[in-house]
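Keep in mind it's a predicted model, so treat the numbers as computed, not measured. In the text below, chain A, chain B and the rest are named by the order of the sequence lines, each starting its count at 1.
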Amino acid sequence: MKKPLPFFRRFEGTIMIFSLFIILGGTLVLVAWAQMMATRATYSVMTEEGQKRRIAIANGRALARQYLLNQMPSGSISYFTTNLGSGWGGFQINGASNLWTNATFSVGNPFNPFSDTTFVVTNAGHISNSVETYGWTFLIRSRSPLLAGYPLTVHNPGTTNLAWATNAYKIYWSNVLGFSNAADIPFTSGTTASGTGSTNGYLGYFASPMNTNYPNPVDVPTSALSVTITNTNGATYVSSTNPVTNTNMFITNYSGGSITLALNSTQTNAITRYVVPNTVTNVWRTSNNSGLKTNIGYYSNSAVTNLTLVGATNTNALHLIANASTTNLNTLTLSGTNNTRRIYLNKVGGTLAIQTATYTNSYTWWMGMSLSNCTASIYAPTNANKVTMQGGIRSDGTINVIQGNLSVISNSVPAINGTNVSDIETIADRIMWLEEQRAP
Amino acid sequence: MNKVAHCFCKLQAYSLIEVLIASGILLTGIAAIAMMAHTMFLQEEANGRITRGLNLQEQAATLWQLGLTSSTITNILPERCKAANPPGADAVCLTVTTNANITGLGSGIAESVNMSIAFHSATYANGTVVYQTNDVTVVRPSTR
């Protein structure tokens, strides 16, 4: 046994321990390095598996989106589940209904172009790959683009081809105030919501075909609206003997001809829906006759060609519907220079001339309209006068300002909260879209 | 002088054999570590190539799901894409094969493709290039 030098003899225990620590540290470093290398060696294998799982989740989302986008226009969704083979993704969706008629207005995604407050139906589901299953939340949102701040909303008219088919589908901009510099379609333009002055207003363009599924809340009364005939043209007298009902009135029967219906300003209900008839069969026209007797005209089989709206200063909501079968209606007349009643018109098919009762006054009307497959002609007040529509126009067809000045400005009424079904928001037709997020 | 010599006479050292054995062990260890390091570096290089290749394929799948065509994808990817397979040491071959549409989802369909990638994953010691392929199934909605 060799003996250390005398000088080191005093430290030999310390040296031994120090050496052992160095050996231990070096060993740990070597082991860590080897382990790190081993980890890196298996990383690529794990990457391949991770890549497959991520792509499978994305596939599941794609399948779920396609399924929902297929189902949503019908207004309801059925429970559905499917999985691709070999673990390449799948989904499961729960059922939901009342998508178009949903009246729950809630704050949501603040980054969607329709403001942060929309109608929403929340539908829970799952997205899965070969190993994992994630909870997924699908938010089916809807709102009227006009009421969300796009007073002029244009849809692609094609159902199978997303190109504008012909020049027939266009908006003649020259007299639409606030949109004089609008560019070619397609576009999404705008610098201010109001579109006043020389700036362009918000302009919505949607490549999708126009969907006019309007909500139908169960508590919308279809009556409580005063309708009278204001003038007739061509109606024929059909009864030789006036059926006198009492000493102060007698009834004269007329049939055929074109008539004008006037929706009077009195509307007691907070919200009313009126379906414009194509042909009236029981409309009465009253006039004072010779001071003693009231002559009541009874009109049947008369075509309604002109609908006159009498302006009101209340804020009740009025929903007018002119279905595609209402082919006789071709003119809408605004009577009265001021209207604050929330009027929303749905017109499908045919043509419609929108005119003011006079052209020498400015009109300010709260009015929104959706014109589907309908050619609209605007006859507005001339010179310095204009008709201002607060609400706007949504259309997939021609809007031609033939005369005068038309100004469309966005709805300034704050969005409703909760489930206030008396609001115009609940009856205006909507655009529906899908948002999704992984469930927390 | 005698005093100094006397001091060194008391010094004791390891024998030459001991030193040689210890050195041999040490050299063996160093050689083993060097060989392992070389292997690890090759493995590390292969890992990097594989990770890049798979990541490229995943990005291509994401772009396709966003609605881009395969030709557009190969044009905008940061790696050079060649139609030839094998593509060579400095490129990848990305092949998109259309599968049958996925039906049964209602009125619409979901589109599906098989996206295959071939890329240079490693190099043998003799310089031979090794290629790796990976196939994924990618789906996107037809309504988008």
Side-chain angles (χ1 to χ4, degrees), chain A residues 1-8 26 29-30 33-34 36-74 77-78 80-91 93 207-208 434, chain B residues 7 10-15 18 29 32-33 36-37 39-62 64-66 99 101-112 114-115 117 121-122 132 134-144:
Chain A
M1 184 67 182
K2 299 177 179 65
K3 294 180 181 178
L5 290 175
F7 174 77
F8 293 106
V29 169
L30 278 175
W33 181 63
M36 186 179 69
M37 288 301 173
T39 304
R40 291 288 296 162
T42 57
Y43 176 72
S44 60
V45 179
M46 302 303 292
T47 299
E48 190 174 331
E49 174 64 19
Q51 181 223 44
K52 178 180 179 180
R53 293 186 189 182
R54 286 191 296 274
I55 291 177
I57 289 294
N59 288 347
R61 287 180 59 194
L63 291 171
R65 286 186 65 85
Q66 184 62 61
Y67 175 75
L68 286 171
L69 292 172
N70 289 344
Q71 299 290 311
M72 282 163 52
S74 70
I77 297 169
S78 305
F80 193 75
T81 182
T82 189
N83 287 286
L84 298 178
S86 304
W88 281 111
F91 73 94
I93 292 286
S208 61
L434 176 66
Chain B
C7 181
K10 292 183 178 179
L11 286 177
Q12 299 179 31
Y14 294 104
S15 67
E18 289 173 323
I33 291 174
M36 188 171 69
T39 305
M40 288 296 179
F41 290 147
L42 290 178
Q43 183 69 43
E44 179 72 5
E45 184 182 356
N47 287 341
R49 291 181 183 277
I50 293 170
T51 305
R52 280 179 61 185
L54 294 178
N55 181 62
L56 191 76
Q57 186 185 30
E58 188 172 353
Q59 303 316 313
T62 302
W64 187 82
Q65 286 180 320
L66 290 172
N99 297 330
N101 290 327
I102 299 172
T103 58
L105 299 171
S107 57
I109 57 169
E111 301 169 3
S112 174
N114 182 68
M115 191 171 284
I117 191 171
S121 61
Q132 179 169 332
N134 190 55
D135 289 8
V136 294
T137 301
V138 192
V139 175
R140 69 182 178 189
S142 61
T143 306
R144 60 182 187 271

**Prompt:** salt bridge (Lys or Arg N to Asp or Glu O under 4.0 Å) with E58(B): which residues, sequence neighbours excluded?
**Reply:** R54(A)
**Message:** To the nearest 0.5 Å, what is the distance between CD on Q132(B) and CD on E48(A)?
**Reply:** 6.0 Å
**Item:** Between OG1 on residue T143(B) and CG on residue L434(A), distance to nearest 0.5 Å
**Value:** 11.0 Å
**Item:** Worked verdict on W88(A) versus V138(B) for side chain to side chain contact (heavy atoms under 4.5 Å, CB included)
**Value:** CA-CA 8 Å; W88(A) 281 111; V138(B) 192; over 6 Å; no
**More than 12 heavy atoms from other groups under 6.0 Å of CZ on R53(A)** = yes
**L54(B), part contacting chain A, at a heavy-atom distance under 4.5 Å** = both
**Asked** How far apart are the closest heavy atoms of A62(A) and V139(B), and which atoms are they?
**Response** CB-O, 3.5 Å
**Item:** salt bridge (Lys or Arg N to Asp or Glu O under 4.0 Å): pairs with one or both residues in residues 64-73 of chain A, sequence neighbours excluded
**Value:** R65(A)-E436(A)
**Prompt:** So which part of A61(B) gets closer than 4.5 Å to some heavy atom of chain A, the side chain, the backbone, both or neither?
**Reply:** side chain
**Asked** Does anything in residues 67-74 of chain A get under 4.5 Å of chain B by heavy atoms, and if so which residues?
**Response** Y67(A), L69(A), N70(A), Q71(A)
**Message:** Nearest 0.5 Å, please: how far is OG1 in T137(B) from CD1 in I55(A)?
**Reply:** 9.0 Å
**Message:** Nearest 0.5 Å, please: how far is OG1 in T103(B) from CD in Q66(A)?
**Reply:** 11.5 Å
**Message:** Between T47(A) and N55(B), is there a side-chain heavy-atom distance shorter than 4.5 Å?
**Reply:** no
**Asked** Between N59(A) and Q65(B), is any side-chain donor less than 3.5 angstrom from a side-chain acceptor?
**Response** yes
**Message:** According to side chain to side chain contact (heavy atoms under 4.5 Å, CB included), who are the partners of A60(B), at least two apart in sequence or on a separate chain?
**Reply:** I73(B), L77(B), L94(B), M115(B)
**Fill in**
If one checks every heavy atom of A46(B) against chain A at 4.5 Å, the contacting part turns out to be neither
**Request:** Determine whether V136(B) and K52(A) make a side-chain contact, defined as any pair of heavy atoms from C-beta on separated by less than 4.5 Å.
**Result:** no
